[in-house]
Amino acid sequence: MAKIIENIDVCKDYFILRTDLDVKVYPGQFFMLRAWENYPTLSRPISVYDKTDGVDFLIERKGEGTEILEKLEKGDDIKLFGPLGNSFYANVDEVALVGGGVGVAPFHYLIKEIKRLKPDSKITLYIGEREELELENSFLDVNCDIKIKKGGFITDIIDFENHPLIYVCGPEIMMKKVVELGKVYDCKTYVSLEKRMGCGIGACLSCSVDTKNGRRRSCKEGPIFKGSDLIDF
């Protein structure tokens with residue numbers, strides 16, 4: 001159980017929940033969030049946006065569960081189960097981060113960790129968002145080159161020829177396109193899958209995905225996979 005420290009409005013349909021849960025987390029990991037008793041039945045898997053005094057989450061309001069989370073106020077209780085899943089490798093000299101919608105969430109903490117390990121690293125963050133959104137507002141405190149694509153296809157502005165390493169998270173169709181183009185330009189890609197999860201601990205198998213190494217669970221062996229290892233996601 002944790003407490004809400006702050007509920008911050010980011011832009012239309014997006015908000016940040018700051019909690020007082022003080023645990024070690026790594027960039028790319030997630031928690032199962034719950035602020036209700038019996039209904040909705042399932043907790044909500046949410047990526048870690050930041051690690052400050054506690055653990056923070058960037059959330060998109062989409063459905064009953066996230067609507068409840070959006071209404072939480074300072075001092076309210078929230079159940080956080082985690083951290084879960086694997087993480088992005090942060091000790092890199094150069095990387096492109098491609099986020100679509102709420103898929104940008106794990107990149108905030110990742111940028112901070114990369115800069116902590118390699119202050120001179122070159123980081124390019126590509127944000128794909130709807131016309132009315134301003135998700136870039138949630139990255140004002142980090143040091144990286146931000147490129148924004150409002151509407152259309154974010155792959156239209158990615159400089160694949162100059163990005164040997166790409167991390168991507170967001171809508172499935174976007175991630176597949178990044179992986180496909182990454183193969184054409186000989187880029188190494190890593191994908192953070194946004195699969196529906198029932199339990200978060202690998203028991204229900206609802207988030208399984210086909211890879212070159214057989215079926216793998218996004219919540220246990222993932223959510224981050226090498227793009228070239230995924231067969232159908």
Side-chain angles (χ1 to χ4, degrees), residues 1-36 40 43-85 87-88 90 97-116 123 125-144 146-150 167-171 192 194 197 200 223-224:
M1 187 73 74
K3 295 282 187 183
I4 298 297
I5 296 176
E6 193 173 5
N7 187 331
I8 306 167
D9 179 61
V10 174
C11 60
K12 176 178 167 54
D13 296 333
Y14 285 82
F15 59 99
I16 293 170
L17 283 185
R18 298 192 62 228
T19 77
D20 66 356
L21 184 69
D22 188 13
V23 296
K24 177 66 176 178
V25 295
Y26 295 94
Q29 291 189 302
F30 68 96
F31 283 73
M32 301 297 286
L33 274 59
R34 190 180 190 89
W36 53 86
S43 301
R44 297 298 187 260
I46 306 291
S47 296
V48 173
Y49 161 77
D50 202 359
K51 177 65 177 73
T52 52
D53 294 333
V55 182
D56 304 343
F57 304 91
L58 173 63
I59 303 172
E60 178 186 13
R61 178 174 58 81
K62 185 172 64 175
E64 293 177 289
T66 50
E67 286 177 0
I68 294 173
L69 295 176
E70 185 185 33
K71 295 175 182 176
L72 294 177
E73 299 178 349
K74 181 178 179 179
D76 286 344
D77 291 329
I78 184 169
K79 296 177 182 177
L80 304 176
F81 178 57
L84 302 169
S87 60
F88 287 110
L97 311 175
V98 182
V102 76
V104 302
F107 294 142
H108 183 273
Y109 185 39
L110 175 61
I111 292 168
K112 288 176 62 175
E113 283 296 283
I114 292 174
K115 287 296 184 180
R116 181 181 67 83
I123 305 172
L125 172 64
Y126 292 91
I127 298 177
E129 60 186 5
R130 302 193 307 271
E131 294 285 351
E132 70 273 19
L133 299 181
E134 295 179 317
L135 290 168
E136 57 273 19
N137 290 341
S138 58
F139 288 85
L140 297 177
D141 61 331
V142 293
N143 180 21
C144 68
I146 298 179
K147 299 182 183 298
I148 303 166
K149 182 70 169 70
K150 289 185 177 289
Y167 296 162
V168 56
C169 183
S192 180
E194 293 187 322
M197 297 179 184
I224 300 160

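Keep in mind that the numbers below use all heavy atoms, side chains included, and drop hydrogens, waters and symmetry copies. By convention here, the first residue in the shown sequence is residue 1. If you're wondering where the values come from, they're calculated on a predicted model, not measured in any experiment.
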Beyond-backbone contact of [X] with [Y], side-chain heavy atoms, under 4.5 angstrom:
{"X": "Phe139", "Y": "Val104", "answer": "yes"}
{"X": "Leu133", "Y": "Lys12", "answer": "yes"}
{"X": "Leu33", "Y": "Leu80", "answer": "yes"}
{"X": "Tyr167", "Y": "Leu125", "answer": "no"}

Considering all heavy atoms of both residues, which atom of [X] and which atom of [Y] are nearest to each other, and what is their separation?
{"X": "Asn137", "Y": "Val10", "value": "ND2-O, 3.8 Å"}
{"X": "Ile46", "Y": "Leu58", "value": "CG2-O, 4.1 Å"}
{"X": "Ser192", "Y": "Cys169", "value": "O-SG, 3.5 Å"}
{"X": "Ala90", "Y": "Ile114", "value": "O-CG1, 3.3 Å"}
{"X": "Cys144", "Y": "Ile123", "value": "CB-O, 3.5 Å"}

Distance, nearest 0.5 Å, that separates [atom1] of [X] from [atom2] of [Y]:
{"X": "Asp141", "Y": "Asp50", "atom1": "CG", "atom2": "CG", "result": "7.0 Å"}
{"X": "Ile78", "Y": "Ile4", "atom1": "CD1", "atom2": "CD1", "result": "4.5 Å"}
{"X": "Tyr126", "Y": "Ile148", "atom1": "OH", "atom2": "CD1", "result": "12.5 Å"}
{"X": "Leu69", "Y": "Asp76", "atom1": "CG", "atom2": "CG", "result": "11.0 Å"}
{"X": "Lys147", "Y": "Leu97", "atom1": "NZ", "atom2": "CG", "result": "13.0 Å"}
{"X": "Asp9", "Y": "Asn7", "atom1": "CG", "atom2": "CG", "result": "8.0 Å"}

For the pair Tyr49 (side chain) and Ser138 (backbone), establish whether a donor and an acceptor sit closer than 3.5 Å, ignoring hydrogens and angles.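 Yes.
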Using a cut-off of 6.0 Å, state whether more than 12 heavy atoms not belonging to Lys150 lie near its atom NZ.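 Correct, the count exceeds 12.
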Within residues 65-74 or reaching into it, pairs that qualify as side-chain hydrogen bond (donor to acceptor under 3.5 Å, both in side chains) - sequence neighbours excluded: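 The answer is Arg61-Glu70.
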Applying salt bridge (charged side-chain N to carboxylate O under 4.0 Å, His left out), can you list everything that pairs with Lys149, at least two apart in sequence or on another chain?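 Not a single residue meets the salt bridge (charged side-chain N to carboxylate O under 4.0 Å, His left out) criterion with Lys149.
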Set of residues satisfying side-chain hydrogen bond (donor to acceptor under 3.5 Å, both in side chains) with respect to [X], sequence neighbours excluded:
{"X": "Arg116", "answer": "Glu113"}
{"X": "Arg34", "answer": "Ser43"}
{"X": "Tyr109", "answer": "none"}

Return a table of donor-acceptor pairs under 3.5 angstrom between the side chains of residues 18-32 and protein atoms on other chains or two or more places apart.
residue: Arg18; atom: NE; partner: Asp56; partner atom: OD2; Å: 3.4
residue: Arg18; atom: NH2; partner: Thr52; partner atom: OG1; Å: 3.2
residue: Thr19; atom: OG1; partner: Leu21; partner atom: N; Å: 3.4
residue: Thr19; atom: OG1; partner: Val55; partner atom: O; Å: 2.7
residue: Asp20; atom: OD1; partner: Lys3; partner atom: N; Å: 2.9
residue: Asp22; atom: OD1; partner: Lys51; partner atom: NZ; Å: 3.1
residue: Gln29; atom: OE1; partner: Tyr26; partner atom: N; Å: 2.9
residue: Gln29; atom: NE2; partner: Gly85; partner atom: O; Å: 3.0

Which is it for Asp13 and Arg130 under the side chain to side chain contact (heavy atoms under 4.5 Å, CB included) test, yes or no, and what are the steps along the way? CA-CA 11 Å; Asp13 296 333; Arg130 302 193 307 271; 3.3 Å; yes
